[in-house]
Amino acid sequence: MVVARELIGCILVRRIGKKSIRLIITETEGYEGPKDLASHAVLHRTGEYKAVKTPRNEVMFGEAGHFYVYFTYGMHWMLNIVTGKKGHPSAVLIRGAGYIQGPARLTKALYITGALNKKAVGKRGGLWVENGVVVSNRNILRTPRIGVAYAGPVWSKKLYRFVVKNEP
DNA sequence: ACCGTGATTGAG
DNA sequence: TCAATCACGGTT
């Protein structure tokens, strides 16, 4: 959650050939640990919830500083950065940056696909984060995460979403 | 409010 | 095997 907060105001840089796109991160969501019922790392088995490594969520169980990029709704890519210690699956979903609102629009605008999954955050992969502007707490809204009703009454209400106020 | 689109998951 | 679901976005 600390990372989700810290990423607000940082600059997401995407390099495509000789050109780069730089966008200030404006919206993030944290998914933290093996108890977070909203997390892809936690499988909803009958009568039991458990953190289980699968081909899709595997990278979440590894070292921090790698991308978790997954495909959903048959057409959208989602960009996350793994943040937890090894074996403690956690990630931050980047939901908005610059003028772009929405996680699927962001990946589309930055040409982000599953090719970046499991890659390290850095220039080698052509996608990285730099220090940007300082955004104070009073300019940040904390809300429940979006689209996680399946996580149940407790976990769906956690204030794990951070968004810069006054976005159009 | 409703649907596209296909990977992932859990049930049989 | 098969059917439901989905960390969404565009259209009605």
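Throughout, protein chains are lettered first and strands after them, A, B, ... in sequence-line order, and every chain is numbered starting at 1. What you see below is based on every heavy atom in this structure, not just the backbone, and it leaves out hydrogens, waters and symmetry mates. Computed from a predicted structure; not experimentally measured.
- C:dA4 and B:dC3 have their P atoms separated by 16 Å, given to the nearest Å.
- Checked against C:dG10, B:dT9, B:dG4, the side chain of A:R56 finds its nearest nucleotide in B:dT9.
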message = What does the 5'-to-3' dot-bracket notation of DNA chain C look like when only Watson-Crick and G-U wobble pairs under 3.5 Å count, and pairs to other strands show as |?
response = ||||||.||||.

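- Residue A:A38 is in base contact, counting any heavy-atom pair closer than 4.0 Å across all strands shown.
- The phosphate of B:dA7 (OP1 or OP2) has no side-chain N or O of A:T72 nearer than 4.0 angstrom.
- By the ring pair (Phe, Tyr, Trp, His ring centres under 6.0 Å) test, A:Y73 pairs with no residue at all, sequence neighbours left out.
- The side chain of A:R105 places an N or O atom within less than 4.0 Å of a non-bridging phosphate oxygen (OP1 or OP2) of C:dG10.
- The two residues A:A120 and A:F67 come nearest to each other via the heavy atoms O-CE1, 3.8 Å.
- Closest to the A:V148 side chain, of the nucleotides C:dC8, B:dT9, C:dA7, is C:dA7.
- Listed by residue number, A:L93, A:R95 are the residues of residues 88-96 of chain A with a heavy-atom contact under 4.0 Å to DNA chain C.
- Listed by chain and residue number, nothing satisfies the ring pair (Phe, Tyr, Trp, His ring centres under 6.0 Å) test with A:H88 (two or more places apart in sequence, or in another chain).
- Looking only at distances, no side-chain donor or acceptor of A:R145 sits under 3.5 Å from a matching main-chain atom of A:R161.
- Ranking C:dA7, C:dG9, B:dT9 by closeness to the A:P103 side chain, first place goes to C:dG9.
- For B:dT9, the OP1/OP2 oxygens have no side-chain nitrogen or oxygen of A:H44 closer than 4.0 Å.
- Of the charged side-chain nitrogens involved, none lies within less than 4.0 Å of a carboxylate oxygen, so that A:E58 and A:K53 do not count as a salt-bridged pair.
- Every residue meeting the side chain to side chain contact (heavy atoms under 4.5 Å, CB included) condition with A:T83, not counting sequence neighbours, appears here in chain and number order: A:V3, A:S90, A:V92.
- Checked against B:dT9, C:dA7, B:dG6, the side chain of A:L43 finds its nearest nucleotide in B:dT9.
- Between A:H40 and A:Y31, the ring center distance fails the sub-6.0 Å criterion.
- Residue pairs that meet the salt bridge (charged side-chain N to carboxylate O under 4.0 Å, His left out) test with at least one member in residues 13-22 of chain A, sequence neighbours left out, are A:R22-A:E130.
- Centre separation under 5.5 Å together with a plane angle under 30° holds for the ring of A:Y31 and the six-membered base ring of C:dA7, marking them as stacked.
- Note: CZ (A:F71) to C1' (B:dT9) measures 16 Å, nearest angstrom.
- Between B:dC2 and C:dT5, the distance separating the two P atoms is 16 Å to the nearest Å.
- Judged by distance alone, the side chains of A:N137 and A:R5 do bring a donor and an acceptor atom under 3.5 Å apart.
- Residues A:C10 and A:V129 approach most closely at CB-CG1, 3.7 Å, considering heavy atoms.
- The phosphate of C:dA7 (OP1 or OP2) has a side-chain N or O of A:Y150 nearer than 4.0 angstrom.
- Of the candidates C:dG9, B:dG10, C:dA7, the closest approach to any side-chain atom of A:A104 belongs to C:dG9.
- Nucleic acid contact for A:M78: sugar-phosphate only, since backbone atoms but no base atoms lie under 4.0 Å from a heavy atom of the residue.
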